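Heads up: the structure comes next, in structure tokens.
Every value quoted in this text rests on a predicted model; they were computed, and no experiment measured them. Proteins come first, then strands; the chains are lettered A, B, ... in the order of their sequence lines, and each starts at number 1.
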Amino acid sequence: MLLRRLRPAFIPLAFLAPMLAVLAVFRLWPVVEAFRLSFYSWNGVGAARYVGLANYRSLWQDEVFRSALLHNGIILLALPVWVLGPLLLAVLLHQRVPGWRFFRLAFFLPAVLSPVIIGAFFELMLRFDGPVNAALRAVGLGSLSRQWLADPDTALPAMIAIILWATFGTGVLIYLAGLATVDQQLYDAVHLDGANWWQALRAVTIPQLRPVLEFYTVVSLIASFAALFPYVYTLTRGGPGYATYVVEYDVYQQAFGESAFGYGSAVGVVLFVLVLILVLVATRAFRRSDAEA
Amino acid sequence: MSFPDRVPRSRRPASGRPARKVLPLAMAACLLAAACVGGDEKSPAPAAAGPSGGEMTGELVVWDWDSAQEGFKKAFEQIDADFVKAHPGVTIKRTTQPFPQYAELMQATFTSKEGPCVAELLAARSGPAVLRFADGLVPLTSGITPEMRDKLNGLDVASADFDVDKEVYALPFGLQPQVMYYNKKLFAAAGLDPEQPPKTYQELEAAAKALKAKGITPFGGGNKEGFLSEWWFSFLWPGTGSIQDSYDLAIGKIKFTDPRVVETVNRYVGFIKAGYFPPGLASTPSQPTAPDEFAAGKQAMFVGLGSGGFASYVPFNKGLGAENVGVIEAVGAAGAPQFLPGGPASTWAIPEYCDKQSLAWEYIKHITGAQAQRILWEVGGIMPGHRDVQVGAEAPPQVQTMLADFRAAKTLYPPHGLWKPEVDSDFIRQLQLVIAGEKSVDDALASVQSTQERAG
Amino acid sequence: MTVHTPPSPVRHAGRPAPARSAPGTGRVPGRSRRWLAGPMILLIALAVSTIYPIVFVVFTAFKTPEEYARSTLAPPSDPTTEYLHRAWTDGKVADLAVNSLIVVVCAVLLILVASATAGWALASMRFPLRGLTLFGIVAMMLLPPSVLMIPVFGVVRELGLVNDYLGLVLVYASLHIPFATYLMTSYLRGIPRELTEAATCDGAGAVRVFTAVALPLARPALLTVATLTFLWLWNELLFGLLILQAPERRTLMVGLASLQGQFSTDPPLLAAGMLLTMLPAVLVFVLFQRNLASGLTAGSVK
């Protein structure tokens, strides 16, 4: 009797079980530990010393952390391109342009490349006497030539551009998979009404892809805060000075560069809360426009 | 999961602890006695203690990064074979770890209390360095003999507070001078005497001016990662500061805003602003481009390393011809420099979770002993850090000079390696800003000083 | 959801049949394709920019360090396979690739199972705390690996899984299950309720609905998850280094990273190593994506 009453709950639980099991042990517990560690001072080797909120208080006054936050904010400005650029390319490829499969593979190649190679490659390209500057000089734009990744004014934009280049192929892949599930009849209906390419995009594609768009926006948002480290490390190490220093890099630098694991965890926690709020804002925005649609 | 706590003292294997306070006194007494009696007479070495515990047979796990290089790998093979011969029943399991991730790996071993019995570590505090992991290493102090203090170069930078009378955490190995190479042909072309390189700041500056006047780029280097600034600091500093000053700067007794520090940094920055470096300095990586350019004859002087195959006489002799490559070991302010910058190539330490500490201790004594360091030079190309080992006559002239000079003079591991990691990181970043014209030297050093104070 | 309309060319006298768009391309039927010329240039330019680094890696792998220093960007004038050979032997590529394959394939399978089942539950079933669970999963993606590394390693050690393939498989799976679950949930949400209700009316239990209805429709998403996670895990370095420490058990990336000494590694050696790791990755991509393409036209439900 009781079993039959509880049965409905079993099925969702059974489906959730594999995910829950792995994440609870290898993700949730370490996250809790990281939170706990943020209240301690620990050099990774000796004993951990409880310091309460001291780490957070230092963080509040940390100039380097503040400029790291600023840089993350600047990277956020690039988010629309990060999210929508691949969408436009995916729509293009979805038209079955000649060689679309080749383009899909080509665009994805940067994701296959290790960031070490990307760092070495762009360092070569953007050097003072590298090909990019040489090309600029050749067409008479020599005044524009500069040490792109080593000039505090251009390092961050250059790095953002490179990261966009490295990640857009993933977005194209994800959007293409989503476009594959859009019902052709919807397009036919709209075209019968005489809609052009742009109108079809707005009337059919974007509404149908809403879950995917929301997904990729959230994922890109998270990535911009928590998955850039390999690129920052190989391109600029957060330099010159602190020009490309981002919060995620600070976490690594504190934990492994300066053996301040407690402080590094505190930075991680602040990052976590910050991005959580942003994700909530983003999903809320999507729900609202979904309701309006 | 409990937080990793320091291994309680009761768990550490007995290592002659009660004798610890007595031994240094005994050693000091012996040294005094030896000094009084005469130079050649050797006083009997006191019964050295050192780490003990664990079996003397079985597998000894050793971690390093250097065996990624062919020369080191072959040298270690011989050194390990010699040890195995002397200790039957022992096998050495040597694992090569990637250098860029070495610090993370070591951290992980301390968390899990599982890892190698012998670990290669850099000296002092920069990078995967011995003093950063000191809390988790077995102190070797009780086993340090006067002979070791005398023969091994760089014991101070493997010790707490750089004081060998305090705790010693690792045995140093190899000699790695940080010197300035110069291209004799280019010097001659600029009207400078190739056999009389600059000995003071003023002479260095004059040489740079003369070279530039002839259209030759005086100094090579790449500062993309920021390392050039700290290497140059260590190269110039001995002209102004002494070894004790270097210790004091590292532990905070001397500030970074001290006039001597400011003067040294200003010299370096001054050279850059005067155009004595290549224009692409800020975006050129320190490896492999910068040394390659010097080896190709593009610049006249280059701050590089004395041992090994990177940025050393090895590629430079190949590229420029051995008779063309000269060495400037340091420059003084008015007279001679106060010391020569150069210390151990690396060190060997015993993590406290090692279960064969006696064996590990025997091993690191062996690998830093005269015999092994001779093999290190002959097979691995790293200059010996053991005073008793000489290099043969077939060694390149630069090596003969460097070894003789570094043995005769006072030396210290390049001072920037003694700084706390956060201070080092801030120093190179602030200087990048100075070089980019965004900050003054005074502001930059003030910022470094506040980092030093915050680091506590 | 993908409707497969049989081609039915309607011929008008004298005019060629209007191009019947392939299912689900959203293409405007009958429209000439010249308007695509401009965008094509963009596509080609982008493709050149993404392919060139690979070309550069290939060139470098066949040079000597001296030639690399002399002419960094040009093709090798006297190609040598010496560094490829050295990377292969010193990096023990053949042996380590097997390790990588075992670990990554198992992890990807685990990710697929966990994310598909959990995604389905989150997308289609009602249960208390559903919103919170999904939110929690997304939140799991928010902490950078640097913060988690030591605690995760601590867990692996407590479970006695250091140096055990299972330990790395579980950690690898945990690295990407949040992303994969979130992706699957988003896709599976798009499956219309009528289809599942139809199946349930036919007497199918929850599991059958999942396997017979949801999974086939989710094929593009599954293949995407498989492709992405395979590639990300194949290139993963840090956890592989920490957990599989014994030299004979290392993954390929770790083995190649060990070729990097304290100072400069010869660029050709580095490039050769990268080339060797890239080949399987590209192969996997091509294989999976071919399946994806056929999946687009094959999946049809009415």
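Of the atoms belonging to A:Y263, not a single heavy atom falls under 4.5 Å from chain B. With a 4.5 angstrom heavy-atom cutoff, B:D426 touches chain A via backbone and side-chain atoms both. Within the 4.5 angstrom heavy-atom criterion, only backbone atoms of B:L281 (N, CA, C, O) approach chain A. Residue contact with chain B, scored on non-hydrogen atoms closer than 4.5 Å, is absent for A:E63. Residue contact with chain A, scored on non-hydrogen atoms closer than 4.5 Å, involves the backbone and the side chain of B:E104 alike.
The backbone N or O of A:G241 lies less than 3.5 Å from a partner atom in the side chain of B:Q432, making a donor-acceptor pair. A donor-acceptor contact shorter than 3.5 Å is absent between the side chain of B:K420 and the backbone of A:E258. When atom types are taken as modelled, the side chain of B:S283 and the backbone of A:F128 share a donor-acceptor pair closer than 3.5 angstrom.
B:R454 contributes atom CZ, which lies 9.0 Å from atom OG of A:S58 (distance to the nearest 0.5 angstrom). Within the model, atoms CE of B:M106 and OG of A:S259 stand 11.5 Å from one another, a figure rounded to the nearest 0.5 Å.
Between A:V45 and B:G136, the shortest heavy-atom contact is CG1-N, 3.0 Å. Across A:T234 and B:K224, no two heavy atoms sit closer than the pair O-NZ, 4.0 Å. Taking all atoms of both residues into account, the shortest heavy-atom contact from A:Q147 to B:A282 is OE1-N, 3.5 Å. The two residues B:S425 and A:Q253 come nearest to each other via the heavy atoms OG-NE2, 3.4 Å. When all heavy atoms of B:Q107 and A:G44 are compared, the closest pair comes out as OE1-CA, 3.7 Å.
Of the listed residues B:G437, B:G280, B:G226, B:P351, the one with more heavy-atom pairs under 4.5 angstrom with chain A than any other is B:G280. Between chain A and the options B:A134, B:P285, B:A444, B:P421, the largest number of non-hydrogen pairs under 4.5 Å is found for B:P285.
Contact check for A:N43 versus B:R132: no side-chain heavy atoms found under the 4.5 Å cut-off. Side-chain atoms of B:Q101 and A:F256, non-hydrogen and from C-beta on, never get closer than 4.5 Å to each other. At a threshold of 4.5 Å between non-hydrogen side-chain atoms, the residues B:R429 and A:P240 do not count as touching.
Side-chain contact check for A:R127 and B:T289: at least one donor-acceptor pair (N or O, by modelled atom type) lies under 3.5 Å.
In A:R49, the CZ atom is not crowded: 12 or fewer heavy atoms of neighbouring residues, nucleotides or ligands sit closer than 6.0 Å.
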